[in-house]
Q: 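Mind looking over this structure? Questions follow.
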Amino acid sequence: MYESLPDKVNLPELEKEVLEFWKRDNTFVKSIESKNPEKYYTFYEGPPTANGMPGIHHVISRTVKDIICRYKTMRGYMVERVAGWDTHGLPVEVEVEKTLGIHSKKEIIEFGPEKFNKACKESIFKYLNEWEVLTERMGYWIDLDNAYITFKNEYIESVWWALKQFFDSGVMYKGFKIQPFCPVCESPLSSHEVALGYKEVKDPSIYIKFAITHPEFKGVDFLVWTTTPWTLLSNVALAVNPESLYTLIELENGNKFILAKDRLIVIKENYNIIKEFYGKELEKISYEPLFKFLKSEKRSHFVTTGNFVTMEDGTGIVHIAPAYGEDDYNIGLEYDLPILMAVGKDGNVIQEVTDYAGMNFKTADPLIIDNLKQRGRLYKKETYEHQYPFCWRHKTPLIYYATDSWFIKTTEYKDKMIKLNKEINWNPPDIGEGRFGNWLEENKDWALSRNRFWGTPLPIWYYVNENGEEIYEIIGSIEELKQRAINFEEVYPDNKVDLHKPYIDDVKIRSKDGKYIMTRTPEVIDCWFDSGSMPFAQFHYPFENKEKFEKHYPADFIAEGLDQTRGWFYSLHAIGTFLFNKPAYKNLIVNGLILDKERKKMSKSLGNVVNPLEILEEYGADLLRWYLVYSSPVWKSKPFNEEDLIDIRNKLFDTVINTFKFFVIYSNLTGFDYRKETILDPQKRKPIDKWLLSRINSVKKEYLESLDLYDITKASRILFDFTIDELSNWYVRRNRKRFRNPEDETDKLSCYQTLYEVLIELMMMLAPIMPFLPEIIYSKLTKKNSSIHLEEFTPVDESIIDEKVEEEMRLAQLVVYIVRAIRVKNNLKVRQPLKQILIPVLNKKDKETLLKVKDIILEEVNIKELNIIEGNSDIITKKAKPVFKVIGPKYGKQVKEVQKIINDLNTDEVYKIETEGKIEKGGITITNEDVEIITENIEGWIVEREQNLTVAVDTRLTQELIEEGIAREFINRIQNYRKTNDFNVNEKINIYTKTTEDIKKAILNHIEKIKNEVYCENIVFTENIDTDYYETDINGKQCTFKVEKLES
RNA sequence: GGGUCAGUAGCUCAGAUGGUUAGAGCGCGUGCCUUAUAAGCACGAGGUGGGAGGUUCAAUUCCUCCCUGACCCA
């Protein structure tokens, strides 16, 4: 006996049983340990931060990861999977700031960095439990117990080792660069952080008059445009585009301006153009400074030239404040301009700028504008809407600020990164070539340091030499630190080492030459360097596990969301390329964002966030996983829609379950047990069974190919279509009677063994994508207590794939399809048997093919005979259709003429082509390869054509056919009655009926058949049915019956 | 402003190395089939393949420009 599934299957409940089984059975560990360690497949887990709740977008990337890892496991690979946690960085600090009610760096220092970092460490795993629950519940197999954690000393030590490699090769430097800077964090933000915070804002847009001091332009002003009035306090120069035309104009009120010719539209008054010149002619012309709070020795306040000046907006003259803009800074270097900093790192105006001292730069804006207005320096003021970066956590506007930080000179090995990127198999490919490739092309040095607290400390110490220069040295391991430090024991008594701030800041080391005591530089590093170091840092390489690391580098596979392109994908690549001269990963899948049903971004403020655990509880992990990869290619952004989940459950899941139940019901009914019978050679099975075996192998072939190419969506769609269309709606439906009542023992083995084997194969293919349900079905089918996830795919059996058989079945399905269309159009129900189908064929081969599937066709459409007309017949009209692929290249421009000739060929002419291979017409020779011959019509028949197949049906009814139709109708009524009244399949009945004479006659003529079909002992015709009767009509005639259950 | 991708039925998506009737599912209307199936099948309505040019005998497919959207970058 096979054990079935409950009538109403509760998927989430079933999954919980499976989770229990996996736990008891230790299946995940077995799935790794049972494999040959020499045949391994390496996967890297990108570490999430567990200080926030996991969301649905985490479920999709984890689904993708799990599918590939389970698949590779079932392909026989050892796939070790270790979880990881990203624990450092600003995201953690910001969460802690929120809980502590802290709003600035100053307050952190007041609070105490030691306490602050302790709070960070405690907050990291705030939602660890939720993460672990989700991970387990969704069936994501990963080793959580041995997860790598980026704040551990061992991990930091490996990162230090890496940093030292960079430092020693001279690609790490301290530089002064303009970086987006958050005044609240008091730290530069990395580019990906900035990207999180662009917002549309309205800023003041002012046109300022700069008075020219050059004698030639006395009384003339440069008209300059800016949206950041506060930077005017630090203005040291103006810039024009050297190649553009500029004009000197005079307004009616006598004001004289210089501005770009292409930007004259900003002048609304009437004006006269006095003079034109190129930008380069303006170079070095000096002007009166607007503000004089800050002074410098260096020469300043003159016109510079740069190609970055565009004619898109403003006046074509740009004001330059080298401290607050990248172009500004670069032009400052070029012209040796002073750097005036009127606004400090806290975003407030410095004391020297007395008028605005202590004000936030945004607060100062309107006052500065006012001041300019009063002094007559303001030409006009407008508002300007544009995208401006905000701190993604503090929601405060960023400033571009010249800061010193440590950089890795990634630009130095950019070409290598580009070259190695070409070895990576990106899915989808265009992200690798396009988005990521472009990013690499435009590579900028990696701003590595952060002026923060909770992170991997930059292991650099410095001293100031006699010349006042800072000299840096780097430490690459704890051991090295111990040896170089002069107070290690003091800072870390009893060898209790914590490499974090503030402890590490206390460690002093002696310089290499022994002459100086060195102090640590205060910065920590970008946490992306942490996660990008995971390939080696997770193993504490090179201090331990050297071989293990080498074996597992690079990864065969990683998968994360699209947002990681510039994040983890980049940091892995940048670090891996430099340290190991190899890409860090060979294959990757990028998944898209998950949007809500309306295609809006999910966000807390919109309240449209989907809680993955709720979905898992309601629908189950299998269904959610399937939906996420099936509904659209994983790299597309996906609108999440619960209705689609339900649809997939009704279709795929119910079909899988019911196909399995079907097998169980009839196996138990007929006493079939796969293990007890000798296996029938597939070649000896019935044609339709051979067809199914051929199909499952073809499907398997496509499935393996798709997954080997990392196309999960395609693989899932192949399985979906096969299960529903071919397995369930064709094979099982067509063979129901056989399963219930096999012809003989061979027939029984043939169908049962086939269905069993196909179910097993199907479950195995489903298992990586939906790991739960196939586990249950597999165990019930095999009666083994061993997981399906420990099984391995056997190679595709090419000998079982029979293209011809599959083709025959396709033809049969096509004929059935056409006949159904004919029936519907002529209002002939399928229950009404018809006399014959007529199909004209063009050759013997087609005839033979059709004859093979004749029985299937006839049974499916309820028609008595299938007749085939071969060759020519006077009732058939033939036509020829041009084959454009052939005649196109052959005739070129003449193609339309030839098309017309071919279309006009009559039946006789077509016949001539068929028999003689060609015909001359209109001076052109048409050969049989130029045309496709079709039969267009059969005179006197009802004809439908599809894909060049013409089918005719004889729709005339005889008395005999009508009676058979009536018998079928009668059977249908009884069966419906049985079904609606929940009669068991095996319950026998008696039928009492009252009806018209002709229906009675029809029933009597088919009485044995009826009795057999509806499981009936006796049919009694009577005039007296008074109770419990049921009234219906058959072909418009009244029929009353009563069904009586027999005691068995 | 720059880059990448996408735009095919009301919605979600296929497909075609350029070949003359562009498909499926969901939804809608109609009919049919069925004691494994909350399914299935057929018919119908619904498409100027985002727009405009170009190349070609032939463009939804290739090229150019533009529009819209998403993401990334500034």
Side-chain angles (χ1 to χ4, degrees), chain A residues 4 8 180 191-192 194-195 198 310 312-313 326 386-387 389 428 430-439 441-442 444 562-563 565-566 592-593 595 597 599 601 630-633 635-639 641 643-644 646-651 653-666 713-714 717 720-721 724-725 728-730 732-733 736 739-740 816-825 827-831 860 862 881-899 946-947 972 974-985 1013-1015:
Chain A
S4 190
K8 294 230 186 300
S191 47
H192 34 268
V194 176
Y198 274 91
T310 67
E312 304 286 337
D313 38 30
E326 197 177 343
H386 63 150
Q387 296 279 319
D430 41 77
I431 293 182
E433 288 160 24
R435 185 182 288 224
F436 194 66
N438 272 327
W439 167 255
E441 295 282 352
E442 292 166 22
K444 297 203 173 107
L562 186 63
D563 49 327
T565 312
R566 264 99 171 173
L593 296 175
L595 309 169
K597 205 174 151 182
R599 285 192 168 277
K601 234 179 183 169
Y630 167 83
S631 63
S632 58
W635 50 79
K636 281 198 173 184
S637 55
K638 186 186 299 286
N641 188 351
E643 284 161 37
D644 292 346
I646 296 169
D647 187 53
I648 292 171
R649 182 178 63 195
N650 291 350
K651 288 233 169 79
F653 283 70
D654 282 358
T655 304
V656 167
I657 289 166
N658 282 305
T659 308
F660 162 72
K661 279 187 186 167
F662 172 86
F663 173 82
V664 171
I665 290 170
Y666 288 106
T713 304
K714 192 172 175 194
R717 288 179 174 174
F720 187 97
D721 292 346
I724 291 166
D725 296 339
S728 173
N729 288 331
W730 189 255
V732 174
R733 187 173 58 78
R736 270 185 300 221
F739 279 90
R740 185 167 166 176
V816 168
Y817 169 90
I818 299 171
V819 173
R820 285 211 181 109
I822 293 175
R823 290 191 92 118
V824 167
K825 283 180 184 164
N827 202 16
L828 292 158
K829 320 176 158 187
V830 179
R831 274 197 293 269
E860 198 62 30
N862 195 18
K881 256 170 63 180
V883 179
F884 284 92
K885 266 189 176 162
V886 178
I887 64 165
K890 205 157 154 185
Y891 295 103
K893 292 199 184 201
Q894 273 185 294
V895 113
K896 291 235 162 77
E897 266 172 69
V898 178
Q899 176 185 13
E946 191 77 30
Q947 292 171 38
N972 169 264
I974 304 294
Q975 296 291 40
N976 285 347
Y977 183 88
R978 291 187 66 125
K979 193 180 183 181
T980 49
N981 292 285
D982 288 328
F983 278 39
N984 196 302
V985 185
E1013 292 258 336
V1014 303
Y1015 239 57

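Excluded from the calculations below are hydrogen atoms, water molecules and symmetry mates; all remaining heavy atoms, backbone and side chain alike, are included. Residue numbering restarts at 1 for every chain, and letters A, B, ... go by the order of the sequence lines.
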Q: I want to verify a distance call: between B:rC41, B:rU34, B:rC33, whose nearest atom is closest to the A:Asp725 side chain?
A: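 Of all the options, the side chain of A:Asp725 is nearest to B:rC41.
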
Q: Mind checking the C1' distance from B:rA9 to B:rA70? Whole angstroms is fine.
A: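 After rounding to an integer number of Å, I get 22 Å for this pair.
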
Q: Determine which bases of RNA chain B form Watson-Crick or G-U wobble pairs with both distances under 3.5 Å, and write the result as a 5' to 3' dot-bracket string with | for other-strand partners.
A: (((((((..((((.....[...)))).(((((.......))))).....(((((..]....)))))))))))).

Q: Quiz question: going by heavy-atom distance under 3.5 Å, is there a donor-acceptor pair between the base of B:rA36 and the side chain of A:Ser728?
A: yes

Q: With rounding to whole Å, what would you report as the distance between B:rG53 and B:rG46 at their P atoms?
A: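 My reading of the P atoms in B:rG53 and B:rG46 gives 26 Å.
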
Q: In whole Å, I'd like the distance from the CD1 atom of A:Ile974 to the P atom of B:rU35.
A: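 A:Ile974 atom CD1 is separated from B:rU35 atom P by 12 Å.
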
Q: Please report the distance separating the P of B:rA36 from the corresponding atom of B:rG47, rounded so that it comes out in whole Å.
A: 40 Å

Q: Can you check the distance between B:rU64 and B:rU55, where both ends of the measurement are the P atom (answer in whole Å)?
A: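 That atom pair is separated by 15 Å.
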
Q: Let me know, please, whether A:Pro633 or A:Tyr666 comes out on the 5' side of the other along RNA chain B by nearest nucleotide.
A: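 Taking each residue's closest nucleotide, the earlier one in sequence belongs to A:Pro633.
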
Q: Using a cut-off of strictly less than 4.0 Å, decide whether A:Tyr891 has a side-chain nitrogen or oxygen near OP1 or OP2 of B:rG19.
A: no

Q: Compare the minimum distances between each of B:rA42, B:rU37, B:rC13 and the side chain of A:Thr655, then state the nucleotide with the smallest one.
A: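 Between B:rA42, B:rU37, B:rC13, the one nearest the side chain of A:Thr655 would be B:rU37.
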
Q: Of the listed nucleotides (B:rU35, B:rA38, B:rA36), which one gets closest to any side-chain atom of A:Arg736?
A: B:rA36

Q: Tell me whether the OP1 or OP2 atom of B:rG40 has a side-chain N or O from A:Lys651 closer than 4.0 Å.
A: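 So the side chain of A:Lys651 is within the cut-off, an N or O lying under 4.0 Å from OP1 or OP2 of B:rG40.
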
Q: Starting from the 5' end of RNA chain B, give me the residue, A:Val830 or A:Ser632, whose nearest nucleotide shows up first.
A: A:Ser632

Q: Below the 4.0 Å mark, does B:rC33 have OP1 or OP2 next to a side-chain nitrogen or oxygen of A:Arg831?
A: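 It does, given that an N or O in the side chain of A:Arg831 lies less than 4.0 Å from OP1 or OP2 of B:rC33.
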
Q: Expressed in whole Å, how much space separates the C1' atoms belonging to B:rU60 and B:rA16?
A: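 Straight-line distance between the two C1' atoms is 9 Å.
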
Q: Would you mind classifying the nucleic acid contact of A:Val898 as base, sugar-phosphate or nothing, using non-hydrogen atoms under 4.0 angstrom?
A: nothing

Q: Please classify the nucleic acid contact of A:Arg978 as base, sugar-phosphate, or nothing, using heavy-atom distances under 4.0 Å.
A: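 The answer is base, as A:Arg978 lies within the cut-off (heavy atoms under 4.0 Å) of a base atom.
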
Q: Using a heavy-atom cut-off of under 4.0 Å over every strand shown, decide if A:Lys661 touches base, sugar-phosphate, or nothing.
A: nothing

Q: Could you measure between the two C1' atoms, the one in B:rG49 and the one in B:rG23, and give it in whole Å?
A: 12 Å

Q: If you compare every side-chain N and O of A:Asn650 against the phosphate oxygens of B:rU37 (OP1, OP2), does one of them come in below 4.0 Å?
A: no

Q: Roughly how far apart, to the nearest Å, are B:rC41 and B:rU34 at atom C1'?
A: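 11 Å, rounded to whole Å.
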
Q: Check every strand shown and say whether A:Arg649 touches a base, only sugar-phosphate, or nothing at a heavy-atom separation below 4.0 Å.
A: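 The answer is nothing, as A:Arg649 stays clear of every strand by at least 4.0 Å.
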
Q: Does A:Thr659 have a side-chain nitrogen or oxygen under 4.0 Å from the phosphate oxygens OP1 or OP2 of B:rA36?
A: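 No, because none of the side-chain N or O atoms of A:Thr659 sits under 4.0 Å from OP1 or OP2 of B:rA36.
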
Q: Rounding to a whole Å, what distance do you find between A:Asn729:CG and B:rC41:P?
A: 6 Å

Q: When rounded to the nearest Å, what value does the distance between C1' atoms of B:rU21 and B:rU17 take?
A: 22 Å

